[in-house]
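Shown next, in structure tokens, is the structure this report addresses.
Predicted, not measured: the structure shown is a model, and the values here were computed from it.
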Amino acid sequence: MAKIQYQGTGRRKSSIARVRLIPGKGEITINKKPLDEYFGMENVKREVRRPFEVAGCEGKFDVVATVRGGGFTGQAGALRHGISRALCVADKESYRGALKSIGFLTRDPRMKERKKYGLKKARRASQFSKR
């Protein structure tokens, strides 16, 4: 018999998270490692768990996710986005309103600005000298 699972994809900056929610006890696995082992900082772990707190379904789903690209903050944001999308697939009526009002279903569009020719960085020019 096939397991019931809900999928969602989350993105932030250059990070992409593929998330699967499986009915379970609330264990979060990222790239085959537990959440506490993958992310060191407590505020980043809290950010990943936030969609469950907002939706009021802590401990109902196990999370299996693969994350690529970016740094740990961007990866945590991508995970939050993916978990929120997967929760909407699981039960649209009860979870969508709460998640949307906080802004967890909106993709954060901020990206690193590209470097322009003639400059040292995206906007940083070389120092001006009159002589």
Side-chain angles (χ1 to χ4, degrees):
M1 187 174 137
K3 282 187 177 179
I4 299 170
Q5 59 183 9
Y6 309 100
Q7 296 182 340
T9 304
R11 294 180 186 87
R12 182 166 193 274
K13 292 187 174 182
S14 59
S15 302
I16 299 171
R18 291 177 11 204
V19 177
R20 289 184 299 151
L21 292 183
I22 303 162
K25 295 174 276 184
E27 297 172 1
I28 300 175
T29 308
I30 305 158
N31 292 349
K32 299 181 181 175
K33 291 181 182 177
L35 175 69
D36 296 327
E37 191 177 317
Y38 192 80
F39 289 123
M41 296 169 57
E42 195 59 43
N43 59 345
V44 177
K45 294 178 204 172
R46 197 176 319 114
E47 187 75 14
V48 174
R49 291 189 191 105
R50 280 283 308 282
F52 295 117
E53 295 170 15
V54 170
C57 59
E58 299 104 325
K60 289 185 181 178
F61 295 102
D62 289 343
V63 178
V64 178
T66 55
V67 188
R68 301 185 74 169
F72 56 86
T73 318
Q75 287 187 351
L79 273 167
R80 186 186 77 180
H81 188 224
I83 290 170
S84 301
R85 281 181 159 184
L87 281 171
C88 285
V89 172
D91 191 0
K92 200 168 197 171
E93 291 78 33
S94 56
Y95 300 143
R96 185 169 172 82
L99 292 169
K100 192 165 176 65
S101 66
I102 289 193
F104 285 178
L105 296 177
T106 307
R107 193 240 195 258
D108 191 351
R110 296 175 292 179
M111 300 287 281
K112 188 179 193 297
E113 191 173 340
R114 80 170 202 84
K115 183 196 174 299
K116 280 74 165 194
Y117 55 86
L119 300 179
K120 291 185 176 289
K121 290 168 53 176
R123 298 185 182 197
R124 169 82 171 106
S126 56
Q127 186 173 359
F128 175 75
S129 175
K130 202 168 192 176
R131 292 186 212 344

[X] side, atom [atom1]; [Y] side, atom [atom2] - distance, nearest 0.5 Å:
X	Y	atom1	atom2	value
Leu105	Arg96	CG	CZ	5.5 Å
Ser84	Lys100	OG	NZ	11.5 Å
Gln75	Glu47	CD	CD	13.5 Å
Leu35	Arg49	CG	CZ	5.0 Å

Is it the case that more than 12 heavy atoms not belonging to [X] sit under 6.0 Å from its [atom1] atom?
X	atom1	value
Lys115	NZ	yes
Arg68	CZ	no
Lys13	NZ	no

- Item | The single option from Phe104, Phe61, Tyr6 passing side chain to side chain contact (heavy atoms under 4.5 Å, CB included) against Leu87 | Phe61
- Query: Looking at Ile83, Val54, Thr106, which hits side chain to side chain contact (heavy atoms under 4.5 Å, CB included) with Leu99?
  - Reply: Val54
Within the 4.5 Å heavy-atom criterion, are [X] and [Y] side-chain neighbours or not?
X	Y	result
Arg12	Arg110	yes
Ile22	Val64	yes
Thr29	Val63	no
Arg50	Ile102	yes
Ile30	Leu79	yes
Asp62	Ile28	no

- Item | Gly8 to Ala86 - nearest heavy-atom pair and separation | N-CB, 3.9 Å
- Residues Gln5 and Arg20: side-chain donor-acceptor under 3.5 angstrom: yes
Can you check whether [Y]'s main-chain N or O pairs, donor with acceptor, with [X]'s side chain at less than 3.5 Å?
X	Y	answer
Gln7	Leu21	no
Asn31	Val67	yes
Ser15	Arg11	no

- Task: Please collect all side-chain hydrogen bond (donor to acceptor under 3.5 Å, both in side chains) contacts where either partner lies in residues 119-131, sequence neighbours excluded, each pair once.
- Result: Glu113-Arg123
- Query: Looking at Arg46 and Asp36, does any basic side-chain N land under 4.0 Å from a carboxylate oxygen?
  - Reply: no
- Message: If hydrophobic clusters are built by linking Ile, Leu, Val, Met, Phe, Trp and Tyr wherever their side-chain heavy atoms come under 4.5 Å apart, do Val19 and Ile4 end up in the same one?
- Response: yes
